[in-house]
Amino acid sequence: MTIEFRKVTVLGTGVLGSQIAFQTAFHGFDVTAYDIDEAALTAARTRFDGLATVYQQDVAGADAANTAATAAGITLTTDLATAAEADLIIEAVPEVLGIKRDLYGKLGGLAPERTVFATNSSTLLPSDIVDSTGRPDRFLALHFANHVWKFNTAEVMGTEQTDPAVFAAVAAFAKAIGMVPIELHKEKAGYVLNSLLVPFLNSGIELAAGGYAEPAAVDETWRIATGAPMGPFQILDIVGLTTPYNILINGGESHKKLAAWLKENYIDKGKLGAATGEGFYRYSA
Ligand SMILES: NC(=O)c1ccc[n+]([C@@H]2O[C@H](COP(=O)([O-])OP(=O)(O)OC[C@H]3O[C@@H](n4cnc5c(N)ncnc54)[C@H](O)[C@@H]3O)[C@@H](O)[C@H]2O)c1
């Protein structure tokens, strides 16, 4: 039996949830977005309006009319029972295991049996969450990258209990909303992207923090010798320095030293990356 998704709910309307909801609605799906209170829903409306403008600049075929219709077409709710009535539920709530498990616990009792649950978690494994869902065969990870309309990978990663037909249906759904599905055959912390990116960025920081080469020289080497458009420090500036700092400070001794270097030379000086106008490089507004 083929599984088809028409009605999609996104849980959490923050940075990623709002983007996933908008991207899915833009591709013609019936979308409901759920958040905890009216203030969060008001913020979601503002995010959707902002995305409408960004899509007009970045996405082929996006114009004032169809992006306004996309934003207006998303149903917003604080009622979990309404949110649960979907073929596919994509969860993008805070990266806190307790919050996610609690939510799946409630959702499991509310959603129809057919409903598939997908988590957008970046650092938790689906097997950390699966037993709270009450439907191990219909649960997996669908991991988007920030700026989903442009950086359009969708990493699909199940547990050993995920039904292969559910996995295939979610990968097909990702394609239908303009993503490139990246299928993982088994669970891996960091998926494909962060398994490559995090060690790469750390190696760059190690070279500069160790006094071997300036950040700009590290980036230049990488760009010229590999043809890649950006080196590690250009990428770090886009990501923002806070996230890598938080990852490094929770690591072993050598990683803690790199965190201290980031803090002393950049974070404490307000150089947090491109969003603040300066990180390893300066940016004009
Ligand atoms: N920000 C990124 O670049 C990024 C990229 C990929 C994946 N992710 C993942 O997406 C998820 C969300 O991250 P984010 O950056 O969008 O977070 P965020 O803090 O911007 O948004 C979280 C949203 O969840 C809502 N929320 C809080 N508690 C809730 C609950 N109990 N039920 C429903 N909604 C609740 C908040 O009101 C908020 O709107 C995390 O799992 C994160 O790992 C984030």
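Counting starts at 1 for both ligands and their atoms, in listed order. Side chains included, hydrogens not; waters and symmetry mates left out as well; all remaining heavy atoms used. Since this is a predicted model, take the numbers as computed values, not measurements.
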Of all the atoms in ligand 1, which lie at a distance below 4.0 Å from a heavy atom belonging to [X]?
X      : answer
Lys100 : 40 (C), 41 (O)
Glu95  : 40 (C), 41 (O), 42 (C), 43 (O)
Tyr34  : 32 (N), 33 (C)
Phe144 : 5 (C), 6 (C), 7 (C)
Ile99  : 31 (N)

Checking the side chain of Gln23 only, and the main-chain atoms of Ile177 only, is there a donor and an acceptor separated by less than 3.5 Å?
yes
Please check this pair: side chain of Glu155 against backbone of Ile182, looking for a donor-acceptor N/O pair closer than 3.5 Å.
no
Is the shortest heavy-atom distance from the side chain of Phe139 to the side chain of Thr119 under 4.5 Å?
yes
Cluster check Ile90, Ile3: I/L/V/M/F/W/Y, side chain < 4.5 angstrom
yes
Using only heavy-atom distances, determine whether the side chains of Asp237 and Tyr283 contain a donor-acceptor pair under 3.5 Å.
yes
Check whether any N or O atom of Ala145, backbone or side chain, sits under 3.5 Å from an N or O atom of ligand 1, and answer yes or no.
no
Between Ser122 and ligand 1, is there a nitrogen or oxygen pair with a distance under 3.5 Å?
yes
Could you tell me whether Arg45 and Asp49 have a side-chain N and a carboxylate O separated by less than 4.0 Å?
no
With a 4.0 Å cut-off on N to O distance, would you call Asp87 and Arg6 a salt bridge?
no
Pick from Asp35, Leu11, Val93, Thr13: the one approaching atom 25 (C) of ligand 1 most closely through a non-hydrogen atom:
Asp35
Just going by heavy-atom distances, which of Pro94, Gly12, Ala39, Ala33 is nearest to atom 22 (C) of ligand 1?
Pro94
Ligand 1 contacted by His143 (non-hydrogen, < 4.0 Å):
yes
Whether Arg138 engages the ring of Phe117 as a cation-pi pair (distance to the six-membered ring centre under 6.0 angstrom, angle to the ring normal within 45°) should be assessed.
no
Which residue and non-hydrogen atom of the protein lie closest to atom 30 (C) of ligand 1, and at what distance in Å?
Ile36 CG2, 3.5 Å
